[in-house]
Structure formats: C-alpha cells, structure tokens
2 protein chains.
Amino acid sequence: MVGFELKQKDSGSSARLGVLKTAHGQVQTPVFMPVGTAGAVKGITPEQLRQAGAEIILGNTYHLMLRPGVETVEKIGGLHKLMAWDGPILTDSGGYQVFSLNSLTKLSDDGVEFASHVDGRKFYLTPESATQIQMRLGADIIMCLDECTPFPCEPDKLHKAVDRTLSWARRCKNAHNKKDQMLFGIVQGGIDLELRSRCAAELKKIDFDGYAIGGLSVGEGHENMLRTVEHTALLLPEDKPRYLMGVGTPADIIAAVRAGVDMFDCVMPTRHGRNAYAFTEDGPLRMRNNVHINDSSPIETDCDCYCCRTYTRAAVRHYFNVNEMLGPILVSIHNIRFYQKLMTGIREHIKKGDFAGWAREKLEKYAVFLSV
Amino acid sequence: MVGFELKQKDSGSSARLGVLKTAHGQVQTPVFMPVGTAGAVKGITPEQLRQAGAEIILGNTYHLMLRPGVETVEKIGGLHKLMAWDGPILTDSGGYQVFSLNSLTKLSDDGVEFASHVDGRKFYLTPESATQIQMRLGADIIMCLDECTPFPCEPDKLHKAVDRTLSWARRCKNAHNKKDQMLFGIVQGGIDLELRSRCAAELKKIDFDGYAIGGLSVGEGHENMLRTVEHTALLLPEDKPRYLMGVGTPADIIAAVRAGVDMFDCVMPTRHGRNAYAFTEDGPLRMRNNVHINDSSPIETDCDCYCCRTYTRAAVRHYFNVNEMLGPILVSIHNIRFYQKLMTGIREHIKKGDFAGWAREKLEKYAVFLSV
C-alpha cells in the first residue's frame with residue numbers, strides 16, 4: 001500500500017520522523033529530493049546518485065511534456081525507464097514553470113495557455129490534463145496544478161489565485177484515478193497567513209495523499225518564508241506527508257523540518273555544484289579559487305562521497321579551470337552527498353530526541369551558505 | 001621490473017600477444033589507451049573507466065604543462081594523483097601538440113619555442129626539458145620529443161625532421177634517469193619507407209624500452225598509413241612494445257595489430273561519443289537521430305557497458321536533444337567499452353590462432369566507421 005506513516009514526533013519542536021511508502025519503495029522522512037528537471041540529474045548517473053545517498057528524485061512535468069513529450073515517455077515504458085531510476089520519483093504539475101518561464105501565459109478559470117520556451121509552440125494545460133500527463137509519465141507522487149503568484153503580489157490577485165488553486169485542486173482530485181500513485185494538494189497564499197489558513201482548510205476537505213507548501217522561495221526572504229512555513233505546516237493533517245516545494249539552503253531545510261515539514265527538493269546542490277560552489281561543514285568552498293591550486297586534500301576531509309574519496313581539491317579546481325565536465329560532475333556529487341548527510345543527521349537527531357539543540361547549532365553554522 | 005614480455009606470435013600474421021609491465025601494474029597487449037588530454041578522460045570518472053574495461057590511459061604533456069602546470073602536478077603527488085588513476089599512464093612528449101596547435105612555433109636544433117594556445121605565454125621545450133617534465137609528471141611510460149611533420153611534406157623537410165628526431169632521441173635517452181619509468185623512441189619519416197627504415201635502425205641503436213610509430217593519421221589516408229605501419233612495425237625489435245600513436249578507427253587498429261603493433265591511443269571513442277556517434281557491431285548509430293525517439297532498446301542489445309545496461313536509446317537521444325551532459329557521457333562510456341571489447345576480441349583470437357580470418361571479417365564489417 002502506498003501512503004505515509006508517522007513514526008515519531010519530536011518533543012522539542014514540530015519535527016517528525018516518518019516513512020513514505022511508494023510503489024517504488026519506501027523512503028525515510030524528512031527527505032531531500034535531488035532535481036532531475038529534464039529527465040536527468042544534470043551529469044549524474046543513477047549509480048552515482050544512489051552512491052551519494054539519494055533515494056527519491058524529482059522530474060519537472062513542464063520540461064518533460066515539451067521534450068521528449070509524454071507520448072515518448074509512455075511508449076518507452078514510463079519516467080522510471082527514461083531516467084533509469086527504479087526508486088521513487090515525484091513530478092511537479094508544470095504550473096510553476098508555466099508561470100515563471102513564460103511571459104505569454106494566458107490564464108483563465110479553465111486552465112492556462114503557454115508558449116514553449118524552446119520553440120514557441122502553444123500548449124494548453126488544465127487541472128485535468130496536468131493530472132492526465134502526470135499519470136501517463138508515471139511518477140510515484142504527482143502534484144495538483146496550481147496558480148503560482150510572484151512576490152510581491154497584490155492582495156486581490158493573491159486571493160483569486162488561491163480560489164483558482166482550490167478549484168483546480170478539486171478538479172485534479174476528480175481526474176486522478178491511479179491507485180498506486182499519490183496525489184498531493186498545494187497550499188498557496190503568498191505570505192498572507194490568513195489566506196494560507198483558508199487554503200489549507202479547503203484542501204484538507206478534498207483529502208489528498210499529501211500536502212505541499214508552494215509559492216515560497218520566490219524572493220520573499222528567509223524570515224517571511226519561515227514564518228509562512230511555521231504557520232502553514234501545523235495546519236496540515238498530521239498523518240499525511242508535508243512537502244515544502246523548491247526549498248532550499250541547508251538552514252532553510254533545518255528550520256522547515258523544525259516547523260514540521262517532511263519533504264524537500266531544490267536545484268541548489270547541483271546548480272551550485274556546476275558553478276564550482278561546494279558545501280562543507282566549515283562553509284562554502286569556491287572551487288575555481290587559486291587557493292586550491294596545489295592542495296592535495298579532498299574538498300572535505302571526512303566526506304565519504306566519490307569526489308572526496310577520489311580527487312584532490314587541486315584536481316577539481318583544475319577541471320573547472322580547463323572546462324572539463326568532471327568539475328561540475330564531481331562538485332554536484334559532493335553537494336548531493338552533503339544534502340543527504342544533512343537529512344541523515346536531521347533524522348538521527350530527531351530519533352535521539354536532541355534535534356532542537358542540534359538544529360540551533362547547525363542553523364547558526366549554516367547561515368553562511370548562499371541560496372541560488 | 002618494468003618492461004615487456006612477448007607471450008605469443010600469430011602464425012597467420014604479424015600479430016602478437018604480450019604483457020606490458022609497469023610500476024602501476026601489468027596490461028595485456030594489444031591494448032587501447034583512452035585519452036585523458038588535460039588530466040581527465042572527458043566526463044568519465046576513473047570508476048567508470050575501469051568499469052568500461054580501460055587498464056591504461058594517456059595524458060598529454062603539452063596540455064598538462066600549460067594547465068595545471070608541472071609544479072602543481074608534482075606538488076600534489078604526481079599525475080596518478082591528479083587523475084585519480086592508480087593504473088598505468090602514458091604521457092606523450094608534447095611535440096605533436098606544439099606542432100599542430102601552434103602557428104608561432106620557432107624550431108631549432110636545440111629545441112622548440114611555442115606560444116600557449118590558452119594565453120599566448122611563451123614556452124621553450126628541448127629534448128632534455130620534455131624528458132624532465134615527463135619525469136616530474138610521473139607517468140609509467142614517457143615519450144621522446146620528436147619533430148612532427150605535416151602531410152604532405154617536402155622530402156628535404158622530412159629528412160631534416162628525421163635527423164632532428166634522432167638527435168633529440170639521443171638527448172632524451174641521456175636525460176632520462178628514472179628506472180621504473182619506460183622511455184619510448186618515436187619513428188618518424190612520413191610515408192617514405194626508406195626514411196622510416198633509417199629512423200628505426202638508428203633508434204634501435206639508442207636502445208629504448210619501446211618504440212612508437214609517429215607522424216601518421218595526419219591526413220595520409222588509410223592505405224598510406226597501413227603501408228607505412230606494415231613496413232615500420234617489422235623493423236622494430238621483437239622483444240619491445242610497439243606503439244602506433246593516435247590511431248585510430250576499429251579497422252585501423254585491427255590492421256595495425258595484424259602488422260605487429262601492440263599499443264594504441266585515440267580520441268575517437270570519446271570525441272565521437274561527445275558528438276552522439278555510437279560504435280556498434282552493426283555499424284555506427286547517430287544518437288541525435290529522430291529514429292531513436294521512442295526506442296526502448298539499448299544502444300547495443302548485447303553490450304555490457306553501463307549505458308546499455310541502464311539506458312534506452314530514447315533516453316540517450318533525448319539527453320543530446322536537450323543538451324544534458326549525460327548524453328556525451330553515456331555514449332563515451334559505450335564507445336570506450338566498444339574499443340575495449342575490440343581489444344579483448346583481438347587478444348582472444350590471436351590466442352586461439354584464428355586471428356587472421358577473424359581480422360579479415362571484422363575489417364570488412366568495420367569499414368563503415370568514420371575517423372575523427
């Protein structure tokens with residue numbers, strides 16, 4: 001049976017331990033999902049992903065519906081086959097990219113028309129078609145189509161977006177009929193806590209397999225984000241997984257876990273990795289920097305990732321300097337491992353019952369990391 | 001002890017089986033060496049290289065002396081450490097790149113001045129310094145500095161280049177004093193067989209650990225190349241390894257093995273791989289082609305490489321189509337495996353004693369492959 005099991009609640013915070021049960025295996029929560037936008041975590045093979053500790057990954061419906069297209073994914077046997085990943089996969093609905101990558105979007109209560117950012121081809125997405133497409137892609141967890149608002153956003157527009165998101169959520173739920181695939185609703189409402197409350201309450205009535213907090217990490221800043229997450233997470237059903245979309249830095253994640261969130265995805269470890277920015281316990285390292293030129297130590301001495309077990313800082317710096325693909329690949333691998341170790345640490349300390357203190361310490365330490 | 005052991009001679013051709021013994025392990029010959037120009041086989045980790053069957057790899061002294069520079073390589077513990085490769089490595093002398101990448105080369109009997117193709121910085125390479133640099137890089141096999149002539153080349157210039165190559169070979173031999181590192185001489189002479197004979201005879205007198213045939217695959221065409229290799233290989237000492245530099249297509253390699261060559265290197269599997277050109281037993285596949293769009297079979301059904309065990313043709317095509325790094329990486333891995341399986345086949349059939357017939361069949365079949 002697919003679903004979620006709450007295993008333990010932290011006494012010193014709202015953090016929780018759980019198990020996400022999917023058709024492609026179980027995952028311990030809190031969990032971080034590396035992003036495989038167009039059907040691949042950039043430059044990283046599934047073998048390397050597994051080695052780095054990833055257990056569930058994300059695909060972007062918007063990118064996949066444009067290329068290679070849902071027909072192709074279906075014909076070759078689904079998204080797991082395309083990505084060569086036999087573990088759980090989550091797809092978003094495409095809504096976020098439609099609103100953020102397109103200036104030609106035409107929005108109505110029925111759905112949203114947009115032009116492909118690749119070739120201008122027109123597409124029309126409705127709650128029904130977004131659900132259909134995700135059922136055909138075949139991820140283990142799929143998301144409702146929602147209206148994503150920018151930050152800042154006028155109150156009137158924000159209210160209308162929440163209404164539309166709720167109406168679309170009902171239609172997604174009606175369109176969904178794949179038993180072994182979970183459907184998550186998405187709470188919108190910007191940083192308006194009252195609006196978030198209303199949206200959460202209405203979504204709960206529809207009854208989803210899980211609930212996401214969307215529309216954050218779009219420029220509102222860490223404080224606003226955190227206040228909204230702390231408010232919203234606790235409104236959501238305790239026995240369902242809670243997913244904070246597109247977040248974030250290590251500190252964002254720790255703070256959100258403390259607020260009761262179970263699932264995360266973010267391009268940060270891989271995008272930063274491609275830009276030679278390595279996460280370490282002692283803060284970020286810029287791997288293009290000349291300071292590494294003759295350094296025979298690994299990026300992080302105690303790290304068990306393939307990059308640190310294998311390569312010197314000097315080699316990684318050299319690869320970036322001469323535009324060798326291995327530079328971006330190796331730092332991406334290291335950063336994914338860093339994030340996975342972060343989640344392991346979070347789960348261990350919730351289990352041990354000393355999460356709150358550990359989190360305070362780490363939050364201070366990890367404040368140095370830049371967001372994307 | 002480093003060196004070469006001739007194990008078996010083919011009765012139906014000049015092909016041979018041998019063992020190359022280096023300070024970083026033994027390799028069965030005939031052997032193919034993937035090229036790690038700037039300290040990395042592009043996009044491929046040592047783990048993936050091993051998995052694809054590579055046992056010895058090549059680094060380019062020209063690229064390495066410019067970036068990261070010999071001081072850096074030495075400071076971090078040598079080329080094996082930089083490349084994170086604990087098997088044998090061969091470095092070329094830099095001569096080929098100096099003559100092919102530079103228009104500002106100033107050549108004298110003493111040495112050659114050239115400007116870096118990266119930033120125009122001036123460098124001066126002599127037989128002594130080329131040997132010194134390679135000793136400091138620390139490869140298991142290093143090459144004499146030679147004068148590489150273009151094709152076609154006027155007879156006078158060709159003769160002078162051979163004289164200089166011989167004089168430089170003597171100076172390289174004198175400069176070399178690293179016992180566990182083999183030094184190979186290089187036979188030059190274009191497609192002039194008499195000149196090749198003279199060059200080979202003189203090099204033999206100097207007594208090297210191995211002998212390379214250089215200056216081919218520079219536009220002379222398969223027939224000229226083959227004629228020169230067939231002539232030259234048999235002039236070389238039977239108890240020393242013979243290395244055909246920068247060659248070539250699968251057919252080139254089979255023909256050269258038949259002529260008595262033991263070692264090969266070429267960028268073809270990786271460069272073709274980055275260009276979506278996959279080697280298969282049934283001929284090349286262009287992986288960008290729309291014909292693969294819904295194809296759920298692997299690049300090659302019986303192939304045991306990571307790409308074929310893991311990914312569909314549809315996925316590989318898609319990755320090239322959307323510029324995902326995995327496209328070039330996966331086809332490079334497949335092509336390296338193809339070359340390694342080719343060498344395994346060659347060795348097996350020499351051992352079984354049916355190499356000549358097998359080679360004839362394969363030469364016909366593999367005529368379809370393009371050179372770089």
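Proteins get letters first, then strands, A, B, ... in listed order; numbering begins at 1 in each.
Contacts between Ile293(B) and chain A at a heavy-atom distance below 4.5 Å involve backbone atoms as well as side-chain atoms. If you measure heavy-atom distances from Ile44(B) to chain A, the contacts under 4.5 Å come from the backbone alone. Of the two parts of Ile329(A), only the side chain, counted from C-beta on, holds a non-hydrogen atom closer than 4.5 Å to a non-hydrogen atom of chain B.
The greatest number of non-hydrogen atom pairs below 4.5 Å with chain B, out of Pro328(A), Gly327(A), Gly39(A), is found for Gly39(A). Counting heavy-atom pairs closer than 4.5 Å to chain A, the top residue among Gly43(B), Gly77(B), Gly69(B), Ala315(B) is Gly43(B).
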Which donor-acceptor pairs lie under 3.5 Å between chain A and chain B?
| residue | atom | partner | partner atom | Å |
| --- | --- | --- | --- | --- |
| Ala38(A) | O | His318(B) | NE2 | 2.6 |
| Gly39(A) | O | Tyr319(B) | OH | 2.6 |
| Lys42(A) | NZ | Glu324(B) | OE2 | 2.7 |
| Glu47(A) | N | Tyr306(B) | OH | 3.1 |
| Glu47(A) | OE1 | Gln51(B) | NE2 | 3.3 |
| Glu47(A) | OE2 | Gln51(B) | NE2 | 3.4 |
| Gln51(A) | NE2 | Glu47(B) | OE1 | 3.3 |
| Gln51(A) | NE2 | Glu47(B) | OE2 | 3.3 |
| Thr72(A) | OG1 | Asn294(B) | OD1 | 2.7 |
| Asn294(A) | OD1 | Thr72(B) | OG1 | 2.7 |
| Tyr306(A) | OH | Glu47(B) | N | 3.1 |
| His318(A) | NE2 | Ala38(B) | O | 2.6 |
| Tyr319(A) | OH | Gly39(B) | O | 2.6 |
| Glu324(A) | OE2 | Lys42(B) | NZ | 2.7 |

